[in-house]
Participant: 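This structure is in structure tokens; I'll ask about it shortly.
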Amino acid sequence: RARIARRYAVKSLALDLHLHSTLSPCADPSMDPRAVVRRAKDCGLSLIAFCDHDRIGAAQEPFSVDGLAVLQGVEITTLEKTHLLGIFPHWEAAVALARELGLPHGKNTERAHRKGNYPTLPEAVRVIHNVGGLAIAAHVDRPSSGLLGKVGCIPNVGLDAIELSASGLYRIDTLHLAQYGLPVLVGSDSHDLSEIGSVYCTASLRSACFEELAQALREASDWRCHSA
């Protein structure tokens, strides 16, 4: 009965869970978090996540600006040289992961370096889940840092979803990915303001927040990938 009630209350919202900011050394100087939020709002997105490379701090608390929800995330480099997104319910969860994995966190971490060794993929997924976050394999189609490119498959390590790159949306048969039983997302992986809104997902959520995002991933239904 609760699932039926939820189905009638949901609406299709546009999401991009893979945006960078100036905390990523490879990002354009225009990617100030405030500018990213304005651009995402102008593009009609309802929920975004800042996922900078191995550092945390662009969104120190989840917040909402005129209907756009902003979450803190991270793009983790694993020992296997693949990339993994972590999306967090609140700042304390992000900090807990950063401390365990030796990642810089807070403001002005552009020049900071990680401490310690790279985690294995299973270890990184475990830590993300231990702090209450969501683990999403990033741009799995990329030869240099995606699971399909580096490993040749999507290993069964407890992922919550898999993400295609913008180019992978055209090159990869999403029906082939259905064998893994995970929601298939697309992320812009924006390093420049002009890239925001180029691709996005839609999903059925009651509201734009972490809890609804997690619920939609668990139900693994109604996810759609789009290009602008």
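Small disclaimer: the values here were computed from a predicted structure and weren't measured.
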Participant: Go through Leu45 and Leu15 one step at a time and tell me if the side-chain contact (heavy atoms from CB on, under 4.5 Å) criterion holds.
Facilitator: CA-CA 6 Å; Leu45 297 174; Leu15 307 85; over 6 Å; no

Participant: Provide the closest heavy-atom pair for Pro155 versus Leu159 in the form atom of the first, atom of the second, distance.
Facilitator: O-CD1, 4.3 Å

Participant: Using 0.5 Å steps for rounding, measure from the OG1 atom of Thr202 to the CG atom of Asp222.
Facilitator: 8.5 Å

Participant: Under 4.5 Å between side-chain heavy atoms, counting indirect links through other Ile/Leu/Val/Met/Phe/Trp/Tyr residues: same cluster for Leu193 and Val65 or not?
Facilitator: yes

Participant: To the nearest 0.5 Å, tell me how far Ile136 CD1 sits from Cys51 SG.
Facilitator: 7.5 Å

Participant: Looking at CD of Glu100 and CG of Asn130, how far apart are the two atoms once the value is rounded to the nearest 0.5 Å?
Facilitator: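 Separation between the atoms: 7.0 Å.
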
Participant: Mind checking whether His176 and Tyr180 have parallel, tilted or perpendicular rings, split at 30° and 60°?
Facilitator: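 Rings of His176 and Tyr180: perpendicular, as their planes differ by over 60°.
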
Participant: If you define the side chain from C-beta out and look only at heavy atoms, does anything of Met31 sit under 4.5 Å from Ile196?
Facilitator: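 Answer yes - side chains close enough.
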
Participant: Just so I know, are the side chains of Cys43 and Arg39 near enough to count as touching, which here means a heavy-atom distance under 4.5 Å?
Facilitator: yes

Participant: With a 3.5 Å distance limit and no angle check, can you tell me whether Arg99 reaches the backbone of Leu97 through a side-chain donor-acceptor pair?
Facilitator: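 Absent.
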
Participant: Should Val157 and Leu147 be counted in the same cluster of Ile, Leu, Val, Met, Phe, Trp and Tyr side chains packed under 4.5 Å apart?
Facilitator: yes

Participant: For a quick check under 3.5 Å, do Glu219 and Gln215 share a side-chain donor-acceptor pair by atom type?
Facilitator: yes

Participant: Look at the rings of His226 and Tyr200 and say which category their plane angle falls in: under 30° parallel, 30 to 60° tilted, over 60° perpendicular.
Facilitator: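 If you compare the ring of His226 with that of Tyr200, the planes turn out parallel.
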
Participant: What are the two closest non-hydrogen atoms of Trp223 and Ala216, and how far apart are they?
Facilitator: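 Distance-wise, the nearest heavy atoms are NE1-O, 3.1 Å.
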
Participant: If we count only N and O atoms by modelled type, under 3.5 Å, do the side chains of Asp52 and Ser21 hold a donor and an acceptor together?
Facilitator: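 Asp52 vs Ser21: donor-acceptor pair found between side chains.
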
Participant: In the single-linkage hydrophobic clustering (I, L, V, M, F, W, Y; side-chain heavy atoms under 4.5 Å), do Ile56 and Tyr118 co-cluster?
Facilitator: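 Ile56 does not cluster with Tyr118.
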
Participant: Would you say Arg126 and Glu123 make side-chain contact, with heavy atoms under 4.5 Å?
Facilitator: yes

Participant: If I compare all heavy atoms of Leu47 with all of Leu68, which pair ends up nearest, and what's the gap?
Facilitator: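 Scanning both residues, the minimum pair turns out to be N-CD1, 3.8 Å.
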
Participant: CZ of Arg34: more than 12 outside heavy atoms within 6.0 angstrom?
Facilitator: no

Participant: Answer whether the closest heavy-atom distance between the side chains of Pro119 and Val127 falls below 4.5 Å.
Facilitator: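 SC-SC contact between Pro119 and Val127 ruled out.
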
Participant: Quick one: pull up CG in Asp160 and CG in Leu182 and give me the separation to the nearest 0.5 Å.
Facilitator: 8.0 Å

Participant: Would you mind reporting whether Ser165 and His18 have side-chain heavy atoms less than 4.5 Å apart?
Facilitator: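 SC-SC contact between His18 and Ser165 ruled out.
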
Participant: Are a donor atom and an acceptor atom from the side chains of Glu80 and Thr82 found within less than 3.5 Å of each other?
Facilitator: no

Participant: Which heavy-atom pair separates Gly197 from Ala228 by the least distance, and what is that distance?
Facilitator: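 Distance-wise, the nearest heavy atoms are O-CB, 3.2 Å.
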
Participant: Output, in order, the C-alpha distance, side-chain angles, deciding distance and verdict of side chain to side chain donor-acceptor pair (under 3.5 Å) for His139 and Glu75.
Facilitator: CA-CA 11 Å; His139 40 65; Glu75 185 171 9; 3.0 Å; yes

Participant: Working to the nearest 0.5 Å, report the span between OG1 of Thr120 and CG of Leu84.
Facilitator: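 Between atom OG1 of Thr120 and atom CG of Leu84 there are 10.5 Å.
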
Participant: May I ask you to test the Leu19-Ser188 pair for a side-chain heavy-atom distance under 4.5 Å?
Facilitator: yes

Participant: Looking at every heavy atom in both Glu212 and Arg206, which two are closest together, and how far apart are they?
Facilitator: OE1-N, 2.8 Å

Participant: Considering all heavy atoms of both residues, which atom of Gly168 and which atom of Asp141 are nearest to each other, and what is their separation?
Facilitator: CA-OD2, 3.3 Å

Participant: Within a strict 4.5 Å, meaning less than it, do heavy atoms of the Asp189 and Arg142 side chains meet?
Facilitator: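 They are in contact (side-chain heavy atoms under 4.5 Å apart), so the answer is yes.
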
Participant: Would Ile154 and Leu148 satisfy side-chain contact (heavy atoms from CB on, under 4.5 Å), going step by step from the backbone distance to the final call?
Facilitator: CA-CA 7 Å; Ile154 307 297; Leu148 293 178; 3.9 Å; yes

Participant: What distance separates Glu163 CD from Cys201 SG, expressed to the nearest 0.5 Å?
Facilitator: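 It is 8.0 Å, given to the nearest 0.5 Å.
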
Participant: May I ask you to decide if His90's main-chain N or O and Gln72's side chain share a donor-acceptor pair within less than 3.5 Å?
Facilitator: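 No, Gln72 side chain to His90 backbone: no donor-acceptor pair under 3.5 Å.
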
Participant: Please walk me through it: do Ile48 and Leu71 pass side-chain contact (heavy atoms from CB on, under 4.5 Å)?
Facilitator: CA-CA 6 Å; Ile48 64 171; Leu71 300 178; over 6 Å; no

Participant: In sequence, state the C-alpha distance, the side-chain angles, and the governing distance for Thr77 and His83, and then conclude on side-chain contact (heavy atoms from CB on, under 4.5 Å).
Facilitator: CA-CA 5 Å; Thr77 304; His83 290 180; 3.8 Å; yes

Participant: Would you mind reporting whether Phe50 and Val37 have side-chain heavy atoms less than 4.5 Å apart?
Facilitator: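 Side-chain contact under 4.5 Å: yes.
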
